[in-house]
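The block underneath contains the structure these notes are about, expressed in structure tokens.
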There are 2 protein chains.
Amino acid sequence: MATIYDIAEKLGVSPSTVSRALSGRGYCKEETRKRIIQAAEELDYAPDQSAKMLKTRVSNKVLFTVPDMCNPFYFDMIQGINDVLDPYGYLLILMDTKNRLEEEKRAIQLLREKYADGMIMVSFDFCEENIGLLNRLHAPVVLTNQYVSPAGKDRFHYVWVDTQLGIKDVVRHFTSQGIRRIGYVGGRLQEQTGRERYEGYREGLQEAGLPLCADWIRESDYTEQGGYLAGLSLLNGSHPPPEAVACANDLMAYGFLRACEEKRIRVPEDLLLAGMDNLSLSARTSPKLTSVSLRAEEIGRTAAQMLVHRMNGDNRPIENEHLRPKLVVRESSVKPAGFGKRET
Amino acid sequence: MATIYDIAEKLGVSPSTVSRALSGRGYCKEETRKRIIQAAEELDYAPDQSAKMLKTRVSNKVLFTVPDMCNPFYFDMIQGINDVLDPYGYLLILMDTKNRLEEEKRAIQLLREKYADGMIMVSFDFCEENIGLLNRLHAPVVLTNQYVSPAGKDRFHYVWVDTQLGIKDVVRHFTSQGIRRIGYVGGRLQEQTGRERYEGYREGLQEAGLPLCADWIRESDYTEQGGYLAGLSLLNGSHPPPEAVACANDLMAYGFLRACEEKRIRVPEDLLLAGMDNLSLSARTSPKLTSVSLRAEEIGRTAAQMLVHRMNGDNRPIENEHLRPKLVVRESSVKPAGFGKRET
DNA sequence: ATGAAAGCGCTAACAA
DNA sequence: TTGTTAGCGCTTTCAT
């Protein structure tokens, strides 16, 4: 592969002249430039990225990490991220951390090794360990969860949606219909996201004066299969069964729906159900699924904008962003006439 | 940021010793290695990728380009690609070419500039221009369409599914139910993918001795919105209307379904419908959508395997791969009792 | 307007 | 086992 030296030699000019001509920075006589450009084409020249990066210290890449590549939610986020990043010429490196701390650490390490100029990180569990590493990083980072270190002075930024409030809204939506036996399928309580959403459930019940009932609560993993298993377990293991169930995301709600089908429990005739994420799929399932919109694309867009701001060396302090969740009510959660009268 | 020189200096050894100790290649006394590793940690050292790349000429990245980031089909492919690439330590750069030749050329240029070691490219239209550029590339490339240059000796490989046969199977599925008025919503005929699938439609009709009828055929763009518009146009503009419609992908079928809803045409009671891609959504829509499975994940996995094979410098000639499409019949395409008797 | 030369941080062939 | 040295291909300062 030809280098600027080959071009320089062929034309009897110096490599620096070639560099200037091709990059457009610095002086170069128009005629010389033309000859250089022509020679570059003849030699099938293409600038070498690694050499350029080594010199300029920028990679033009952004790392985007998600905890579960199978969840369409993140692809909605990608739309937004890409919309913003593309015009700036940033490339997107996509990485699946599989909700494993080790993989998240690997992602952080990639940044230390300058694979990318910045990172947008989604995690179910921002904790002391990954946050500590993140704060040691020089490259800008934007998270999609709220996190404030006790010590303060965090180096990263975040854009977040109050999922706690979102789940609380779901519970309110149920109680406002007179429902009192409300179940919940969430994530692991050891994880930040799991705690947040569970807290919304707890608050919602409390607000309505309803007790927590372990029989109606399951911990799962945000996957369809996990929701299915949790659904079976909950439907089999609770007497009386709940009248309504809030799932901490749509994927688990789909799985729960599958469990209901299997158990011949009709939604919403026998049981009300709601999810969270508002995947585009949810408007088309049967029954159409009530869900809390987290505005995935907007999160992505906002996160990318914050990141670009920081990567461009603009060091004016920026505010962390806060998006409001929005309950989208569809068939699955609305009590039909004759609700609860099981057909036989 | 610390370099191996900083470590070398601190310890009074040479940079190459540090390099050997850290990379594990070449001799290094165990004790020296330990001291070096400790010093590296103390100095918060991380190897610089661009320097390593410049020297080793490998980027450990693979470029994956898709013509429409909004289509979940490609995310199924990503699962497969990532499954294969991840164990080898390859990172995935995702790029949306927006079905524009210019963007495809940009992707090819990225490879020339060594942004990545190889590429998996999805395009609706492999044509002389992009193929010509692809053949000039040194880096390995795997396409997801069949393409054989007239001149032969193509440098790239491909894994393909016979979508022509897939659409033909859909038409057969319709005709086997006695349906004779069969419509089609496809891609642009100027594009390779559009031609292929249309050809399947044409052959299917021909096989059943049915004539082509322009009233029942629409060109669109593989998006939901495109399918919706094509649906409205077809439903409004054909007298008599078709009894069944084959859509060239699921996204357009969803759009078509939306158009049907709007026009109060019931599927499958008034009209049969089928798509192609077999997105996971299709098993959950209402009605559940019949679709041709293209095995997205398997395409991804296979393509990635071929690419890895080539990137590892294994130059034994490899066969292009061929996956068979599979019709998955669901509610939307099965003639119910009383089909065609419009309710009023 | 152009050229010479240094250097980005790493690897690897060769010498010691 | 370790050190010396020469690049990888580009940018950029400084001199001409």
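Heavy atoms only: backbone and side chains are in, while hydrogens, waters and symmetry mates are out. Lettering follows sequence order; numbering is per chain, from 1.
Applying the ring-ring contact (aromatic ring centres under 6.0 Å, His included) test to A:His309 and every residue at least two apart in sequence or in another chain returns nothing.
Side chains of A:Glu104 and A:Ser123: a donor on one and an acceptor on the other come within 3.5 Å. Between the side chains of A:Gln109 and A:Arg106, not a single donor N or O lies within less than 3.5 Å of an accepting N or O. Between A:Ser14 and A:Thr17, the side chains place a donor N or O and an acceptor N or O closer than 3.5 Å (distance only, hydrogens not considered).
Side-chain to base pairing of A:Lys55 with D:dG9: no donor and acceptor N or O lie closer than 3.5 Å to each other. Looking at A:Ser19, its side chain has no donor and acceptor atom pair within 3.5 Å of the base of D:dT12.
Regarding A:Asp44, its CG atom lies at a distance of 16 Å from the C1' atom of D:dG9, rounded to whole Å. The CG-P distance, from A:Leu43 to D:dG9, rounds to 14 Å in whole Å. Atom OH of B:Tyr115 is separated from atom C1' of D:dC10 by 13 Å (rounded to the nearest Å). Atom CD of B:Glu9 and atom P of D:dG3 are 14 Å apart (whole Å). One can place OH of A:Tyr5 at 9 Å from P of D:dC8, the figure rounded to the nearest angstrom. D:dT12 atom P lies 12 Å from atom CG of A:Leu54, rounded to whole Å. Between B:Ile4 atom CD1 and D:dG3 atom P there is a gap of 12 Å when expressed in whole angstrom units. Note: CD1 (A:Ile7) to C1' (D:dG9) measures 11 Å, nearest angstrom.
DNA chain D is contacted by both B:Arg57 and B:Thr17; B:Thr17 maps to the nucleotide lying nearer its 5′ end (nearest heavy atom per residue). Place A:Ser16 and B:Gly12 on DNA chain D by their nearest nucleotides, and B:Gly12 ends up nearer the 5' end.
Under the 3.5 Å distance criterion, the side-chain polar atoms of B:Asp117 are matched with a main-chain donor or acceptor of B:Asn60.
Counting 5' to 3', DNA chain C first comes under 4.0 angstrom of a heavy atom of chain A and last does so at the ends given by C:dA1 to C:dG9.
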Grab the N/O contacts between the protein and nucleotides 14-16 of chain D below 3.5 Å, and write none if there aren't any.
none

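Residues A:Leu294 and A:Ile299 share a closest heavy-atom pair of O-CD1, 3.3 Å. Between A:Thr97 and A:Glu103 the shortest heavy-atom distance is O-CB, 3.3 Å.
Nucleic acid contact class of B:Thr3 (heavy atoms, under 4.0 Å, all strands): sugar-phosphate only. Using a 4.0 Å heavy-atom distance criterion, A:Thr32 is classed as a sugar-phosphate-only contact.
Close to D:dC10, at under 4.0 Å from its OP1 or OP2, lies a side-chain N or O of A:Tyr45.
Checking each of B:Asn145, B:Thr193, B:Thr144 against B:Val122 for a side-chain contact (heavy atoms from CB on, under 4.5 Å) leaves exactly one that passes, namely B:Thr144. Of the candidates B:Ile37, B:Val18, B:Leu22, B:Asp6, B:Tyr45 forms a side-chain contact (heavy atoms from CB on, under 4.5 Å) with just one, namely B:Leu22.
In this structure, A:Tyr147 has its ring center no closer than 6.0 Å to that of A:Tyr158.
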